[in-house]
Protein chains: 2
Amino acid sequence: MRMGRPREFDAETALDQAMEVFWRHGYEGATIAQLTEAMGINPPSLYACFGNKEGLLKAALDRYTKLRGVWMDEVVAAPTARAVAERMLMGIADKQTDPANPPGCLLVQGGIACGTGSENVPFELATRRAQNEDQLRDRFVRAKAEGDLKPSSDPAALARYVSAVAVGMGVMASSGADREALRQVASVAVQAVEAQSAPK
Amino acid sequence: MRMGRPREFDAETALDQAMEVFWRHGYEGATIAQLTEAMGINPPSLYACFGNKEGLLKAALDRYTKLRGVWMDEVVAAPTARAVAERMLMGIADKQTDPANPPGCLLVQGGIACGTGSENVPFELATRRAQNEDQLRDRFVRAKAEGDLKPSSDPAALARYVSAVAVGMGVMASSGADREALRQVASVAVQAVEAQSAPK
DNA sequence: CCAGATATGTAGTGTTCACTACAGATGTGG
DNA sequence: CCACATCTGTAGTGAACACTACATATCTGG
């Protein structure tokens, strides 16, 4: 099998740069010119490697969720439902205001609403947010089985709630909320989970 | 003063149609062609009346927040902080899944991230979301003064929290969450406010 | 060192976008 | 009825967009 000329850029490094552009400007707001410049490549290299703009977004999302998945594993490893919620929301407050990244969350900034021809972009983002929610729900199901959450509690509703708060914090972060403000939101939000926890 | 030919369309009716297009596709995803078709007018009429695309968005946002303001007044008229939060979040669950409108909230769907040249669109939306939050905060400040909220509570943090949940619910609604799912989120969320309420 | 295969850079392609020039239509004031 | 002002519909405008044709460069297998 013939190999041909090897590519001169590192795909993952380039993806990190593309991720940041999508994160800051959204899918529709990001232009190929911005993406190629940030990635340090020319359009033909981008299309040869990722197919098209949407393919590049999906690759960036894969990378994002993969990194995030590692962190989520740590989150759900917390001992109680309350600790899970606290670790998650406090961590999100920090992550979403980390100056190393654009503010907010790529799964929100990427594109909540899109124009004709990009309808599956919001769907793609929603699917990945739902995966997070599922992971959280499974953890809360376990917490209920362990007697950590009240028998009357609804693990799915709790997971959906925590997800909603996380998304809301992301939007706030992208519109300028600072770390302390987000931590206060997280701190209040955790109390609802605490209210569903069994008395010790 | 000369009057000239009168316009043949009703500006508010046309705005309602434009609002729906922005709501469904976002600012960048909405095209002038879609907007003019929905409004039943031609581009020159749009530009004569609203200046440009961004002017049209602002006019639509003004109309949206005006209608919403009436409802918010009812919300903050609830007797307790808990009742305010419940009325607001339950109402939002219903409004954001009302089939008469696109799902979610225009102040979120309009555009969280935008491309170069539309940077002030997200800012414009954030400003209007902040107005809601301010109204809520003022109400919670009062609740604290009345002894309805604990002395240790932070009205600004509570208002920010409720706003965040509302935004998160909007994103969920736009990605397919049904009314019951949103009501469950609201129901859980209210418990955090309850935890900040003074024991009766 | 040659043939085939893949990557790269230059320089475009057609399409779609927000926006407008212009001519005709419809109103008001004198 | 005329001068003027504003609106409307047709038909575009230049610019920006996602994407690509093509020539050249750089690799591997034989």
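All values below come from the heavy atoms of this structure, side chains included, with hydrogens, waters and symmetry mates left out. So you know, we letter chains A, B, ... as the sequences are listed, proteins then strands, and number each from 1. Bear in mind that the values here come from a model prediction, so they are computed numbers and not experimental data.
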Rounded to the nearest angstrom, tell me the gap between atom NZ in Lys53(B) and atom C1' in dC17(C). 8 Å
Does Pro6(B) or Gly51(B) map to a spot on DNA chain C nearer the 5' end, using the closest nucleotide for each? Gly51(B)
Toward the 5' end of DNA chain D, which comes first, Pro43(B) or Arg7(B), by nearest nucleotide? Arg7(B)
What is the distance, rounded to the nearest whole Å, between atom CD of Glu37(B) and atom P of dC17(C)? 13 Å
Arg183(A) and Asp94(A) ion-paired at < 4.0 Å: yes
Base, sugar-phosphate, or nothing: which does Pro44(A) touch, judged by heavy atoms less than 4.0 Å apart? base
Would you kindly confirm whether Leu106(B) and Leu182(B) end up in one hydrophobic cluster when ILVMFWY residues are joined by side chain heavy atoms under 4.5 Å apart? no
Measure from CE on Met39(A) to P on dT8(C) and round the result to the nearest Å. 11 Å
Out of dC7(D), dA25(D), dC19(D), which has the shortest distance to the side chain of Arg5(A)? dA25(D)
If only side-chain N and O atoms of Ser45(A) are considered, is one of them under 4.0 Å from the OP1 or OP2 phosphate oxygen of dT8(C)? yes
Separation of Phe9(B) atom CZ from dC7(D) atom P, in whole Å? 8 Å
May I ask you to decide whether Asp62(A) forms a salt bridge with Arg128(A), counting only side-chain N to carboxylate O separations under 4.0 Å? yes
Any side-chain N or O of Tyr47(A) less than 4.0 Å from the OP1 or OP2 oxygen of dC19(D)? yes
Under 6.0 Å from the ring centre and within 45 degrees of the ring axis: does the NZ or CZ of Arg137(B) meet both conditions for the six-membered ring of Phe140(B)? no
Atom-to-atom span, CG of Asn42(A) to P of dT6(C) - whole angstrom: 20 Å
Quick one: do the Gln135(A) and Asp73(A) side chains pair a donor with an acceptor below 3.5 Å? yes
How many Å lie between CD1 on Ile41(B) and P on dA18(C), as a whole number? 14 Å
In terms of the nearest nucleotide of DNA chain C, which residue is placed more toward the 5' end: Glu8(B) or Ala33(B)? Ala33(B)
When the distance from CD1 of Ile32(A) to C1' of dA11(C) is rounded to whole Å, what number comes out? 17 Å
Nearest-Å distance for atom pair CE/P, residues Met3(B) and dA25(C): 21 Å
